[in-house]
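Right, one structure below, let's go through it.
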Amino acid sequence: MTALTLCAVMAGEAAVIAPPQPPRPAVSQGIAPRGALFTAETAPEAAAGADEDSDEAFRARAEAEVLRRVGAGVRREDQRLWLPIAKGRPVVLDSRRADPSDPASPEVDFRLDGLSPDREFYVVRATLAAGSELLWISRADGTRYAMHGNVHPSPDGRHLVVTHASPGTEFNGVVIWRREEGRLVERYRFQPTPDQTAVSFRFLRWRDADTIELAQFAEVDPSTCGLGTLSATALLSRKGERWILRSASAPRCEP
């Protein structure tokens, strides 16, 4: 109960300056599924007769289709992904295997998922041994934004919300971005500190352009709830220059 009360009073700053009306949304270009970090085509020691129905092969075929649809100079060369931008050199992302002799060089695999709904950003999934990160990369200047999870645009396209729940090392919390002339500006972030009772959120829907409905969860002692989880509905609303997070229903034990 303490954690739920704490969440209800958390708030972030948000400006009311509205960016230009976004372009008409486009259908996502596709998603490369999570799985082994290196495909049969790119792994140096992969066997020549790799299973065509394997997850690795499927990942490679999925990205190949995305590359074909996006076009415009986007390409893959072995473990290197090239993403051309309007201003400056292309963004180059190199997948790599872990080097036991160099702990600072972890294993990572970059795969192009497609384009953002407004087509202004590349959507790239970076898969690591311990989890994954979703990057939005500006097609204008190459600026990278760590989105942490699936992105949900507001009905007017001016704001983006991301929720991600992770009990481990990945991001756990809620972030709101504002679209601003081809850039993204972070306007709100809630992330529980390690010493707080575990709290997480899941996106449900935008009620309107200024109100987000979330499912809210908190870990509690099993003596309070048999499964150790309280759930409730929460609202994240824009009030003038602030985003305010509050509980919108009484907490209940998960069945």
Short side-chain to backbone donor-acceptor contact, S95 and F110, under 3.5 Å: yes
How far apart are the closest heavy atoms of W82 and P90, and which atoms are they? CE3-CB, 4.0 Å
Flag yes if V185 and W136 sit in one hydrophobic cluster, no otherwise; membership is Ile, Leu, Val, Met, Phe, Trp, Tyr, and two members link when side-chain heavy atoms are under 4.5 Å apart. no
Kindly give the heavy-atom pair with the smallest separation between L204 and L214, and that separation in Å. CD1-C, 3.7 Å
Begin with the C-alpha distance, continue with both residues' side-chain angles, and end with the deciding distance and a verdict on side-chain contact (heavy atoms from CB on, under 4.5 Å) for E186 and V175. CA-CA 7 Å; E186 185 179 302; V175 181; 4.0 Å; yes
Is a side-chain donor or acceptor of S249 paired with a backbone partner of T233 at a separation under 3.5 angstrom? yes
Heavy-atom nearest pair, M147 first then V162, reads O-CG1, 2.7 Å
Could you walk me through whether V124 and R111 satisfy the side-chain contact (heavy atoms from CB on, under 4.5 Å) test, starting with their C-alpha distance in whole Å, then the side-chain angles of each, then the deciding distance to 0.1 Å, before giving a yes or no? CA-CA 6 Å; V124 174; R111 293 285 163 177; 5.9 Å; no
How long is the straight-line distance from CD of E213 back to OG of S237, given to the nearest 0.5 Å? 10.0 Å
If you take all heavy atoms of T224 and C253, which pair is closest and at what distance? O-SG, 3.6 Å
Closest heavy-atom pair and its distance - E120, G182: OE1-CA, 3.7 Å
H159 and its ring-ring contact (aromatic ring centres under 6.0 Å, His included) partner, picked from W243, Y188, W177: W243
Distance, nearest 0.5 Å, that separates OG of S154 from CZ of R238: 8.5 Å
How long is the span from the CG atom in L115 to the CZ atom in R139, to the nearest 0.5 Å? 5.0 Å
Closest heavy-atom pair and its distance - S132, R125: OG-NH1, 3.9 Å
Verify whether one side chain among T211 and D208 offers a donor that lies under 3.5 Å from an acceptor in the other. yes
Which residues share a ring-ring contact (aromatic ring centres under 6.0 Å, His included) with H164, sequence neighbours left out: none
Given 3.5 Å as the limit, does a donor-acceptor pair link the side chain of E133 with the main chain of H148, or not? yes
Spell out, as yes or no, whether a donor-acceptor pair under 3.5 Å connects the side chain of R76 to the backbone of D78. yes
Does Y122 reach the main-chain N or O of P84 with its side chain, forming a donor-acceptor pair under 3.5 Å? yes
I'd like to know if E65 and R61 make a salt bridge, using a cut-off of under 4.0 Å between side-chain N and carboxylate O. no
What's the spacing between R183 CZ and F121 CZ if we round to 0.5 Å? 10.0 Å
Got a second to check how far F201's CZ is from I212's CD1, nearest 0.5 Å? 11.5 Å
Group every Ile, Leu, Val, Met, Phe, Trp and Tyr by side-chain heavy-atom contacts under 4.5 Å, then state whether L235 and I176 land in the same group. no
Test side chain to side chain contact (heavy atoms under 4.5 Å, CB included) applied to L93 and L83, V108, L112, the passing residue: L83
When you measure from the side chain of N172 to the backbone of V199, do you find a donor-acceptor pair of N or O atoms at a distance under 3.5 Å? yes
Over 60° means perpendicular and under 30° means parallel, so classify the ring planes of H152 and F203, tilted if in between. parallel
For residues V174 and L236, determine if any side-chain heavy atom of one lies less than 4.5 Å from a side-chain heavy atom of the other. yes
Value rounded to 0.5 Å, distance of CG in D156 from CG in D210: 7.5 Å
Can L81 and L67 be said to form a side-chain contact (heavy atoms from CB on, under 4.5 Å), step by step? CA-CA 10 Å; L81 180 62; L67 294 172; 4.2 Å; yes
Do side-chain atoms of W206 reach the backbone of P153 as a donor and acceptor pair under 3.5 angstrom? yes
